[in-house]
There are 2 protein chains.
Amino acid sequence: MNIGTAARQSGLPPKTIRYYEDIGLLTADRAANGYRDYSNEDVHRLRFVQRSRSLGFSVEECRQLLSLYTDRDRASADVKAIATEKLGEIDRKIAELTGLRAMLGHLVENCYGDARPECPIIDGLSDLTSDH
Amino acid sequence: MNIGTAARQSGLPPKTIRYYEDIGLLTADRAANGYRDYSNEDVHRLRFVQRSRSLGFSVEECRQLLSLYTDRDRASADVKAIATEKLGEIDRKIAELTGLRAMLGHLVENCYGDARPECPIIDGLSDLTSDH
DNA sequence: ACTTGAGCTTCCAGCGGCTGGAACCCCTAT
DNA sequence: ATAGGGGTTCCAGCCGCTGGAAGCTCAAGT
């Protein structure tokens, strides 16, 4: 199967698949004409990476997960450790964004948003400690 | 005031301040010896950018906000429009992360995390549609 | 048989937002 | 005089792609 088909089936753009090969994440066979040739198993791995990426794993983490995915004898604890760590990161990001949201939301709420120059948002960005 | 002092007072690393000057976000005077020379007003602007960045505004948005900040006659509606748009982005990000958190959390919860190779996380990454 | 157009190949460059490092200059204290 | 801790420039690299150019190959239509 050519890269375009593999792309459609995995949900990854061809460019990205080539990039993954470039960085040694996933390799593919080559057909006689030099085209990359993907097996169904290759497509499974591509989908696996696509999903892992969309769940917030970095490419390096995907590399680890992929080797755990391939190693049928790995301990589930190894996988869980990576996933749990990522869960913590996601939680931290959510907390951070929630804090930002509260702060920015507060500023926006207090801004009349009319033609006048008085603007609590600008004032707030100038000095977040004071009361707006 | 030298760049190091401005850095300490604004909360931005000197490298970042030079970078901002490079991309034309904030310029500084030069002293006779060629050193950048920051006024208190410059430091205010640096802090303003630092805060805007930390609230999730892109550098380009900071450029807009900065010109609104500098323009004492601007309408607060202009500022509010940018901030409200950003608020929407933050909300979308939070929603996305919350979804990820739920999915990954579900996978992690169902994984024993022991020495056995059975692993719902790996299975889930292989095929998110099936039941784990 | 020839052309067209889609799809494949490689390689190089650039995005955003810094950050590290090299090589050099300047200022102050000892 | 010298040592250090500033400052200056410029170039390169991080991550994870993405766009584009130039050139192949293949299948379909005329």
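In what follows, chains carry the letters A, B, and so on, assigned in the order in which the sequence lines appear, proteins first and then strands, with residues in each chain numbered from 1.
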Distance in angstrom units between [X] [atom1] and [N] [atom2], rounded:
X: B:Met1; N: D:dG7; atom1: CE; atom2: C1'; answer: 16 Å
X: A:Ile17; N: D:dT18; atom1: CD1; atom2: C1'; answer: 14 Å
X: A:Tyr19; N: D:dC15; atom1: OH; atom2: P; answer: 7 Å
X: A:Asp22; N: C:dT9; atom1: CG; atom2: C1'; answer: 12 Å
X: B:Arg63; N: C:dG16; atom1: CZ; atom2: P; answer: 10 Å
X: B:Gln50; N: C:dG17; atom1: CD; atom2: C1'; answer: 14 Å
X: B:Asn2; N: D:dG5; atom1: CG; atom2: C1'; answer: 12 Å
X: B:Ile3; N: C:dC27; atom1: CD1; atom2: P; answer: 16 Å

Can a side chain N or O of [X] be found less than 4.0 Å away from OP1 or OP2 on [N]?
X: A:Thr16; N: D:dT18; result: yes
X: A:Arg18; N: C:dT9; result: yes
X: B:Arg53; N: C:dC18; result: yes
X: A:Tyr20; N: D:dC17; result: yes

Between B:Arg30 and B:Asp37, does any NZ, NE, NH1 or NH2 come within less than 4.0 Å of an OD or OE carboxylate oxygen?
no

One thing to verify: whether A:Lys86 and A:Glu60 come together as a salt bridge, which I'm taking to mean a side-chain N less than 4.0 angstrom from a carboxylate O.
no

Under the salt bridge (charged side-chain N to carboxylate O under 4.0 Å, His left out) test, residues paired with A:Arg53 that sit two or more places apart:
none

Sequence neighbours left out, what passes salt bridge (charged side-chain N to carboxylate O under 4.0 Å, His left out) with A:Arg45? Give chain and number order.
A:Glu41, A:Asp42

Within 45° of the six-membered ring axis of B:Tyr112 and under 6.0 Å from that ring's centre, is NZ or CZ of B:Arg116 located there?
yes

DNA chain D contacts made by residues 28-47 of chain B, counting heavy atoms under 4.0 Å
B:Arg30, B:Gly34, B:Tyr35, B:Arg36

Side chain proximity check, A:Leu25 to A:Val49, heavy atoms < 4.5 angstrom:
yes

If I compare all heavy atoms of A:Leu55 with all of B:Leu107, which pair ends up nearest, and what's the gap?
CD1-CD1, 4.5 Å

First encountered from the 5' end of DNA chain C, between B:Phe57 and A:Gly4
A:Gly4

Need one value for A:Pro13: base, sugar-phosphate or nothing, where a base atom within 4.0 Å counts as base even if backbone is also close, heavy atoms only.
sugar-phosphate

With a 3.5 Å cut-off and just heavy-atom distances, do the side chain of B:Lys15 and the base of C:dG21 make a donor-acceptor pair?
yes

